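Owing to the predicted nature of the structure, the values given are computational and were not obtained by experimental measurement. Chain letters run A, B, ... following the sequence lines, proteins first, then strands; residues in each count from 1.
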Number of protein chains: 2
Amino acid sequence: MVTIYDVARHAGVSAATVSRVLNGHVKVDPVLAGRVTDAVAQLGYRRNAVARNLRTSQTTLWAVIVSDVQNPFFTSMVRGIEDVALSAGYSVVLCNSDENPEKESNYIAAALAERMAGVVISPSSHRVDDVELLLQAGCPVVVIDRELAGISTDTVLVDNEHGAQIGTTHLADQGFRRIACIAGPRWLSTATQRLDGYGKALRAAGLPVDPALVRHADFRERGGYEAMASLLDDNAAAPPDAVFAANNLMTIGAMECLVERGIAVPSDVAIVGFDAIPWADLIRPTLTTVAQPTYEVGRRAAQLLVKRLAGPAEEPTHVVLPTALQIRASSIRVTARPR
Amino acid sequence: MVTIYDVARHAGVSAATVSRVLNGHVKVDPVLAGRVTDAVAQLGYRRNAVARNLRTSQTTLWAVIVSDVQNPFFTSMVRGIEDVALSAGYSVVLCNSDENPEKESNYIAAALAERMAGVVISPSSHRVDDVELLLQAGCPVVVIDRELAGISTDTVLVDNEHGAQIGTTHLADQGFRRIACIAGPRWLSTATQRLDGYGKALRAAGLPVDPALVRHADFRERGGYEAMASLLDDNAAAPPDAVFAANNLMTIGAMECLVERGIAVPSDVAIVGFDAIPWADLIRPTLTTVAQPTYEVGRRAAQLLVKRLAGPAEEPTHVVLPTALQIRASSIRVTARPR
DNA sequence: TTGTAGGCGTTATCAT
DNA sequence: ATGATAACGCCTACAA
């Protein structure tokens, strides 16, 4: 392993000078600097970031802890984070907690142990202990997508309640009367807010909120499938005529269940999903969704982190981005039902 | 920041003893050990991995550098890597090179600088310099999905040529005669092997290999879309009656182009794609694909890395996993064409 | 079994 | 402007 001492010897200068050349920002005689640069090239020297991090007690790495790398929502968001981070001189490493609080804990511990510069996290659990740990250690944190109760950090969320409301209202406006909801896990703010929006929309439309038409699932495809199956099985006498699914993967799962059972969409059951679905245009019928500005969520989160790393401690910022209803075929009422 | 010295003082022992308790594997008086454990808990001590890494010159972090986090192929693979890594005591951080050789370079530099334990990479470029760097530095590397010419590392690939061959042969068997190919970038082994398989299948079926029916694109959705458009525009006189698309995202793009132009699949143009497509069952028509064992690719790669980290240097292992044709609706010949 | 001391590779302080 | 030197927090001979 070649160190700055090797470079120094080879260039005929001191280690301190090598360090100064490497870091710039300090005046060094151009001649010496040239010798150093040459030596670096000849010896193939690469700075040891570990030693540097230890000495300076700061890193250039961000940990982005997402709750499901297989969900396109998060990967799109990650792109937003990366673009800002890279142009601010940071590198982003992605950690997949897989909706598993234990894995999440481990990654937070790793970020802490490795003294990473900052963390962007979409929490997999409602426990605040782990995030609290980061804060206590002075590690800047931006929480995205999911609210963490009783903790004060920079946050970037979307307007979940309103999004769910416009999605559900749209179904009510179309004339559907038994609108079911496939909600997310009870402990995620994202899920409860969307459920609230669903409820509000129903009440505003003068429709009853029937617990028999609500299922909680896990934000995964499988969960959406099973929730849909359960809704159909348990309401055989008076089946739902529409369903609002609280995230993208569950929407897919619900659709798969409907297709499998030969239930026509939207004529038998209409559907609106929360969050965009990749290649939604190829799915038949095309899916009405409540779109979130995913890339923008990442971008804003990264900007907050950059700001916090640069400047002194300020009050936490809370960003809430808007959602928008994208109406496609799956939610349109078919009055004359073809047979 | 609380260090082992603080813990030592608090527990009334030396720093060395604290270190020994923390690491286990060395006999320590249970009484002292207890005092240390208590002190750690009380002070909220967390080991500084940076210092530890510097001292021991080894890490517990793997860098997984993928060429596109937005491609479900890679995320599924990452899950395979994670599962093995975690159970072997390593943590996985994901780096997205975004098919961009420069970003890839940066991440490799970071992995090197941070002295990560090992690297799993699906190269974004055919340049071997960067990977060579890792090898020279003694950092174990496993290359996945894409072959790197002139470099000797553990590798996990799939049988691309054979996969492309069975996909194309299937189209020929169905009676299609003008089978186009949307190939990937010329410099990726994955792309050239699939193109070779396509060619072989045509020749075996007694069909001509017509350069006018081949397009190279970038393995992204947009690229597939444009390639399809170009195939249709440039062959207006004798359009293709089928197309083999060399990866999942390009298959999607091609489909979107066909749908947009009102070209019926498979009656006007049939399609077979390489690699699975999420919720392929919801797309109409359902898509015939050549499936790869994505999770298994990740798992095997991780196993190779674990082995190399554990044992002494051995000959590089090359794993090639099989592919399988999954026939769905998009490739089935419709003889009596409904109008 | 426990403690002392040196060093991992860098950067920052202090003279010069 | 440059060089010697100490220190970052930890681990590990070596000595006791």
Side-chain angles (χ1 to χ4, degrees), chain A residues 1-37 39-40 43-61 109-117 137-139, chain B residues 1-37 39-40 43-61 109-117 137-139:
Chain A
M1 147 123 301
V2 30
T3 75
I4 47 172
Y5 279 94
D6 300 320
V7 176
R9 200 175 315 122
H10 198 268
V13 297
S14 76
T17 300
V18 177
S19 176
R20 284 193 270 259
V21 173
L22 256 39
N23 293 308
H25 300 307
V26 180
K27 268 202 204 163
V28 174
D29 185 318
V31 179
L32 296 192
R35 296 220 303 265
V36 169
T37 322
V40 165
L43 299 175
Y45 168 79
R46 310 188 67 82
R47 167 202 275 152
N48 184 331
V50 179
R52 172 175 229 259
N53 296 342
L54 176 60
R55 178 60 233 233
T56 61
S57 56
Q58 51 178 326
T59 332
T60 176
L61 237 49
L112 227 34
E114 303 285 345
R115 300 299 190 265
M116 300 214 182
C139 176
Chain B
M1 148 126 301
V2 30
T3 75
I4 48 172
Y5 282 94
D6 301 319
V7 176
R9 200 174 316 122
H10 198 269
V13 298
S14 76
T17 302
V18 177
S19 176
R20 286 193 269 259
V21 172
L22 256 39
N23 293 309
H25 300 308
V26 179
K27 270 200 207 165
V28 174
D29 185 318
V31 179
L32 295 192
R35 296 220 304 262
V36 168
T37 323
V40 165
L43 299 175
Y45 167 79
R46 310 189 67 83
R47 170 202 274 152
N48 184 331
V50 179
R52 173 174 228 260
N53 296 343
L54 176 59
R55 180 58 236 239
T56 61
S57 57
Q58 51 179 326
T59 332
T60 177
L61 236 49
L112 225 34
E114 303 286 345
R115 300 299 191 265
M116 300 218 184
C139 176

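As judged by a 4.0 angstrom heavy-atom cut-off over every strand, A:Arg47 is placed among residues touching the sugar-phosphate backbone only. Looking at heavy-atom distances under 4.0 Å, A:Val26 makes no contact with the nucleic acid at all. Counting any heavy atom pair closer than 4.0 Å across all strands shown, B:Asn53 reaches no nucleic acid atom.
Toward the 5' end of DNA chain C, the nearer of the two residues B:Thr56 and B:Val13, judged by each one's closest nucleotide, is B:Val13. A residue-by-residue look at B:Arg55 and A:Ala16 shows that B:Arg55 has its nearest nucleotide of DNA chain C further toward the 5' end.
The shortest distance between the side-chain N/O atoms of B:Thr3 and the OP1/OP2 oxygens of D:dG9 is not below 4.0 Å. The side chain of B:Arg52 contributes an N or O atom lying less than 4.0 Å from OP1 or OP2 of D:dC11. For C:dC8, the OP1/OP2 oxygens have no side-chain nitrogen or oxygen of B:Ser57 closer than 4.0 Å. Look at A:Tyr5 and you won't find any side-chain N or O under 4.0 angstrom from OP1 or OP2 of C:dC8. Under 4.0 angstrom from either OP1 or OP2 of C:dG3 there lies at least one side-chain N or O belonging to B:Ser14.
Of all nucleotides listed (D:dG9, C:dT1, C:dT10), C:dT10 comes nearest to the side chain of A:Asn48. Proximity note for B:Val28 (side chain, C-beta onward) versus C:dT2, D:dC11, C:dT11: the nearest is C:dT2.
Residue B:Leu32 contributes atom CG, which lies 11 Å from atom P of C:dT1 at whole-angstrom precision. Regarding A:Leu43, its CG atom lies at a distance of 15 Å from the P atom of C:dG9, rounded to whole Å.
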Item to check | Pair B:Asn53-A:Glu114, side chain to side chain donor-acceptor pair (under 3.5 Å): steps then yes or no | outcome: CA-CA 9 Å; B:Asn53 296 343; A:Glu114 303 285 345; 3.3 Å; yes
Checklist entry - Can you list the steps and then say if A:Arg9 with A:Asp6 is a side chain to side chain contact (heavy atoms under 4.5 Å, CB included)? => result CA-CA 5 Å; A:Arg9 200 175 315 122; A:Asp6 300 320; 3.6 Å; yes
Next on the checklist: One pair to check against side chain to side chain contact (heavy atoms under 4.5 Å, CB included): A:Val18 and A:Tyr45. What are the steps and the verdict?
Outcome noted: CA-CA 11 Å; A:Val18 177; A:Tyr45 168 79; 5.6 Å; no
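Here the side chain of A:Ser19 pairs no donor or acceptor atom with the backbone of A:Ala15 at under 3.5 angstrom.
Considering only heavy atoms from C-beta on, A:Val21 stays 4.5 Å or farther from A:Leu32 through its side chain.
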